[in-house]
Amino acid sequence: MKIPFLKFFVNCVVLSLIGSTVQAQSTVSTPIVGFNTLNVRPKSGANNATTLISLNLSRPKAFSGVVGTKSLNGSGQTVVTFSSNFFTSNQFNASTNRHYFQVKSGANNGLIAEVISTSPNSITLSDNLDQVLEDNTTSFDIIPYWTLSTAFPSGAGLKSGTSATAADNLTIIEIPSGVAQSYFYNSSAGQWRKGITDSSHVVIPPGSGILVTSKDATSLGIVISGQVPTGPVQADIVGGTASSARLTYVANPYPIASRTLALSGLYTGNSSTGVAGGTSATTADNVTIYDPATGVANSYFYNTSAGQWRKGITDSSNVTIPDGAAIVISRKANRGAFEWYIPQPSF
């Protein structure tokens with residue numbers, strides 16, 4: 001933790017919630033809110049510095065509830081309908097204010113789908129969740145996405161400029177294409193851009209890591225404030241192509257160190273639902289964790305012969321992802337995409 005107060009606050013609130021749950025079957029949960037600092041390494045000499053960071057607080061949720069009835073529209077997208085008018089038209093799907101629906105109970109706890117339409121008594125989701133949602137049972141949250149302008153308002157202290165060459169760059173891996181998209185804060189236009197395109201409202205999906213390329217010799221602390229995620233968070237891992245590996249930047253979405261690699265759920269024993277293991281780093285998928293202070297990269301793989309996570313021949317099962325840091329997952333060629341439900345650490 002970079003701000004001890006937040007951990008103390010989290011502990012107090014979680015304990016109070018546990019106490020409330022014991023005393024009653026139905027409780028109103030209190031969001032855990034706070035702030036944290038994401039440290040960006042300065043460049044050294046003529047060499048730019050790179051830092052992988054995570055937005056380890058979510059934006060405050062806009063709505064919490066229980067699914068009413070579900071149905072599929074003509075496009076195979078799930079429509080959730082309620083008995084009362086809770087919303088206003090387009091409340092959660094304006095192009096400048098996009099939201100996601102997150103399942104908060106059941107076997108698919110943590111699953112995410114974008115809200116693409118809102119009526120007074122219904123929401124339409126981007127995907128078919130017919131097998132996931134249960135009428136009058138599944139609980140959910142609706143949460144606004146972080147965007148470049150909400151996570152990094154007015155550049156958030158990053159070096160700005162009139163071109164990507166002069167400014168610091170933020171790079172996000174696009175899902176599901178796996179294409180890396182880079183942005184900079186244009187000091188003349190006062191907006192985030194990709195080339196000459198206004199990118200202020202580009203969303204940063206939950207679970208996505210961000211690569212910061214710093215061109216300034218001064219270190220920077222970016223302060224974000226928001227709500228502490230509870231429960232697992234879905235992250236989409238890009239698959240390799242027919243001929244080469246592809247990378248995904250993945251967040252530690254919590255404001256404390258992650259669970260250990262051994263407890264991360266990244267290795268499931270099934271290469272269609274998790275990273276592929278092997279007897280060496282050459283044959284297995286790789287997970288690279290960067291030290292947020294030094295930028296030193298350490299790569300790990302699941303050794304199927306030893307039954308443990310390793311760095312070379314060293315048992316690395318107890319390695320964690322630091323708070324505020326992100327990792328790189330290298331999915332080897334001919335291995336498909338999968339969803340990783342990042343487990344909540346113990347607060």
Side-chain angles (χ1 to χ4, degrees), residues 1-10 32-59 146-161 164 166-173 180 182-185 192 204-229 233 235 247-261 287-300 319-329 342 345 347:
M1 288 301 300
K2 299 183 177 62
I3 300 178
F5 163 77
L6 181 56
K7 184 173 182 181
F8 172 78
F9 185 57
V10 167
I32 306 167
V33 295
F35 61 95
N36 209 356
T37 302
L38 307 177
N39 292 321
V40 176
R41 297 172 51 248
K43 71 182 244 183
S44 177
N47 299 316
N48 295 334
T50 55
T51 309
L52 271 166
I53 63 172
S54 295
L55 300 176
N56 55 7
L57 299 170
S58 69
R59 296 181 69 190
W146 282 115
T147 64
L148 291 174
S149 62
T150 55
F152 309 101
S154 302
L158 291 160
K159 182 179 176 64
S160 62
D168 290 346
N169 292 175
L170 300 183
T171 302
I172 302 168
I173 301 294
S182 292
Y183 308 91
F184 73 99
Y185 191 78
W192 283 97
I204 306 168
S208 292
I210 304 167
L211 180 69
V212 182
T213 302
S214 177
K215 302 173 183 177
D216 201 310
T218 304
S219 59
L220 173 66
I222 299 174
V223 177
I224 63 168
S225 60
Q227 184 173 307
V228 176
V233 174
L247 307 178
T248 309
Y249 301 154
V250 189
N252 171 8
Y254 305 99
I256 60 176
S258 73
R259 288 184 180 268
T260 63
L261 288 176
V287 175
T288 303
I289 301 176
Y290 289 80
D291 185 308
T294 65
V296 173
N298 290 292
S299 290
Y300 307 91
V319 167
T320 61
I321 307 168
D323 70 288
I327 64 175
V328 179
I329 296 179
I342 306 171
F347 290 131

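The first residue of the sequence shown is numbered 1, and numbering continues consecutively from there. Quick caveat: nothing in here was measured; it's all calculated off a predicted structure.
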Do you know which two heavy atoms are closest between [X] and [Y], and how far apart they sit?
X	Y	result
Asp323	Asn252	CA-ND2, 3.6 Å
Arg41	Thr51	N-OG1, 3.0 Å
Lys159	Ala166	CE-O, 3.1 Å
Asp216	Thr218	OD1-N, 3.0 Å
Ser54	Ala251	OG-CA, 3.1 Å
Pro206	Val233	CB-CG1, 4.0 Å

### Message
Could you check, using the six-membered ring where one of them is a Trp, whether Tyr185 and Trp192 have ring centers closer than 6.0 angstrom?
### Response
yes

So, do [X] and [Y] sit near enough that their side-chain heavy atoms are less than 4.5 Å apart?
X	Y	value
Val228	Leu57	yes
Leu220	Pro42	no
Ile222	Val40	yes
Thr260	Val319	no
Thr50	Val212	no

### Ile210 and Tyr249: CA distance, side-chain angles, deciding distance, side chain to side chain contact (heavy atoms under 4.5 Å, CB included) verdict
CA-CA 7 Å; Ile210 304 167; Tyr249 301 154; over 6 Å; no

### Message
Looking only at side-chain N and O atoms, does Ser182 offer a donor or acceptor that is under 3.5 Å from a partner on Thr171?
### Response
yes

Between [atom1] on residue [X] and [atom2] on residue [Y], distance to nearest 0.5 Å:
X	Y	atom1	atom2	value
Lys43	Ser219	NZ	OG	14.5 Å
Tyr290	Asn298	OH	CG	10.0 Å
Asn36	Asn56	CG	CG	4.5 Å
Phe184	Thr213	CZ	OG1	13.5 Å
Ser299	Ile289	OG	CD1	9.0 Å
Tyr254	Ile321	OH	CD1	10.5 Å

### Option passing side-chain contact (heavy atoms from CB on, under 4.5 Å) with Val250 (candidates Val287, Leu52, Ile173, Ile342)
Ile342

### Task
Apply the test side chain to side chain contact (heavy atoms under 4.5 Å, CB included) to residues Ile329 and Leu247: give CA-CA distance (whole Å), side-chain angles for both, the deciding distance (0.1 Å), then the verdict.
CA-CA 6 Å; Ile329 296 179; Leu247 307 178; over 6 Å; no

Enumerate donor-acceptor pairs with a distance under 3.5 Å from any side-chain N or O in residues 148-156 to protein atoms, sequence neighbours excluded.
from, atom 1, to, atom 2, distance (Å)
Ser149, OG, Thr147, OG1, 3.3
Ser149, OG, Ser200, O, 3.0
Thr150, OG1, Thr147, N, 2.8
Thr150, OG1, Thr147, O, 3.3
Thr150, OG1, Thr147, OG1, 2.9

### Message
Taking Pro322's backbone N and O only, do any of them form a donor-acceptor pair with Thr320's side chain (distance below 3.5 Å, no angle check)?
### Response
no

